[in-house]
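These numbers come from the heavy atoms of this one structure, side chains and all, not from hydrogens, waters or symmetry mates. Quantities reported herein were computed from a predicted structural model and do not represent experimental measurements. Here is how names work: the chains are called A, B, and so on, in the same order as the sequence lines, proteins then strands, and each is numbered from 1.
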There are 2 protein chains.
Amino acid sequence: MPKKIEKIYSLQEALKKIGKKYDLLIIDAINQLNGRARFNQILTAIPTINPRILSMRLKDMERNRLLTKHLILGTPIKTEYELTEKSKELIEIIDRLKQWYQKNC
Amino acid sequence: MPKKIEKIYSLQEALKKIGKKYDLLIIDAINQLNGRARFNQILTAIPTINPRILSMRLKDMERNRLLTKHLILGTPIKTEYELTEKSKELIEIIDRLKQWYQKNC
DNA sequence: ATTACTAACTATACTTTTTATAGTTTATTT
DNA sequence: AAATAAACTATAAAAAGTATAGTTAGTAAT
């Protein structure tokens, strides 16, 4: 997509990156867990998500550089997902969404 | 849901109101059309949406007081959808999302 | 008086996404 | 050898979204 047109659709494009049902919830959950969290911690923090979707979303968000995956060898092997600068910049937007809900709903 | 618990989940609850695929796009489209727009204008402004989904989303957003529906009698009969105060307060959040995309993607 | 036109939908069948639930893998501890 | 733990993966079913065509109501043109 050419640069000029990109600007027009940037909301649409932004939502392609973080507009799926659980994207912002995952970022928020990791943030509440100090910016770095394990698979099962995220699973517990979001009561309605199921492991299949979480796994798929994490993989996708890693590809989009919203998360960094860290393997912690040992037994059992552990994984940690860390927010990137890119996703940290969404925290403020997430907080505004919460404020909007508190005020209006 | 009790008030105390509500706060914890307010992102989840906020996304229930405006987290579906086209909700923010519809609000943005109407805003670009000066805060009030016709069905077919919105349909044209969002190239990928189809009339079935638009119709359903508009109905739902009206129920949630994100939009006000106005009937304009005449021939053919026209409808206009207007942003409410509640949805106007989302415009700033939408703009921040666009800025986030411009900066990071 | 039929035909055409327009806005705003609605119907139907199909595809994609998400859910629910159970099972797998790897490597210890007991 | 059996149990435990973390991080998934498999399968079938339900929900959401897509594509395309058709409906309704009321003029306006032929």
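For the pair A/Ile72 CD1 and D/dA5 C1', the interatomic distance rounds to 15 Å; values are reported in whole Å. Atoms CG (A/Leu54) and P (D/dT9) sit 11 Å apart, rounded to a whole Å. Look at CG on B/Asn50: it is 12 Å from C1' on C/dT15, rounded to the nearest Å. Rounded to whole Å, the distance from CD1 on A/Ile77 to C1' on C/dT24 is 16 Å. Distance, A/Leu43 CG to D/dA7 C1': 10 Å, rounded to whole Å. C/dC9 atom P lies 15 Å from atom CZ of B/Arg57, rounded to whole Å. Atom CD1 of B/Ile49 and atom P of C/dA8 are 14 Å apart (whole Å). Summarising the geometry, the separation between CG on B/Leu71 and P on C/dA8 is reported as 10 Å, rounded to the nearest angstrom.
A/Asn31 CG to A/Ile94 CD1: the interatomic distance, rounded to the nearest 0.5 Å, is 7.0 Å.
Proximity of B/Asn40 to the phosphate of C/dA8: a side-chain N or O atom is located under 4.0 Å from OP1 or OP2. Close to D/dA15, at under 4.0 Å from its OP1 or OP2, lies no side-chain N or O of B/Lys20. The side chain of A/Tyr81 contributes an N or O atom lying less than 4.0 Å from OP1 or OP2 of D/dC8. Distances shown here put a side-chain N or O of B/Lys21 below 4.0 Å from the OP1 or OP2 atom of D/dT18. Side-chain nitrogen and oxygen atoms of A/Ser55 include at least one within less than 4.0 Å of the OP1 or OP2 phosphate oxygen of D/dT9. For A/Lys59 and D/dT9, the shortest distance from a side-chain N or O to OP1 or OP2 is below 4.0 Å. Phosphate proximity of C/dC9 to B/Thr79: present, with a side-chain N or O under 4.0 Å from OP1 or OP2. For the OP1/OP2 pair of D/dA7 and a distance below 4.0 Å, the side-chain nitrogens and oxygens of A/Lys78 include no atom meeting the criterion.
The side chain of A/Arg38 sits closest to D/dA7 out of D/dA7, C/dT19, D/dT9.
Nearest heavy-atom pair across A/Tyr9 and B/Pro47 is OH-CG, 3.9 Å. Contact record, B/Asp28 with B/Lys98: OD1-NZ, 3.0 Å, taken as the closest heavy-atom pair. Nearest heavy atom pair, residue A/Lys17 against residue A/Leu66, reads O-CD1, 3.9 Å.
Here B/Ile53 lies in heavy-atom contact (under 4.0 Å) with a base.
Residue B/Leu54 forms a side-chain contact (heavy atoms from CB on, under 4.5 Å) with just one option from B/Ile26, B/Ile46, B/Asn40, and that option is B/Ile26.
Each of A/Thr48 and A/Gly74 lies near DNA chain C, and the nucleotide nearest A/Thr48 is the one positioned closer to the 5' end. When the nearest nucleotides of DNA chain D are assigned to B/Met56 and A/Arg52 by heavy-atom distance, the more 5′-ward of the two goes with A/Arg52.
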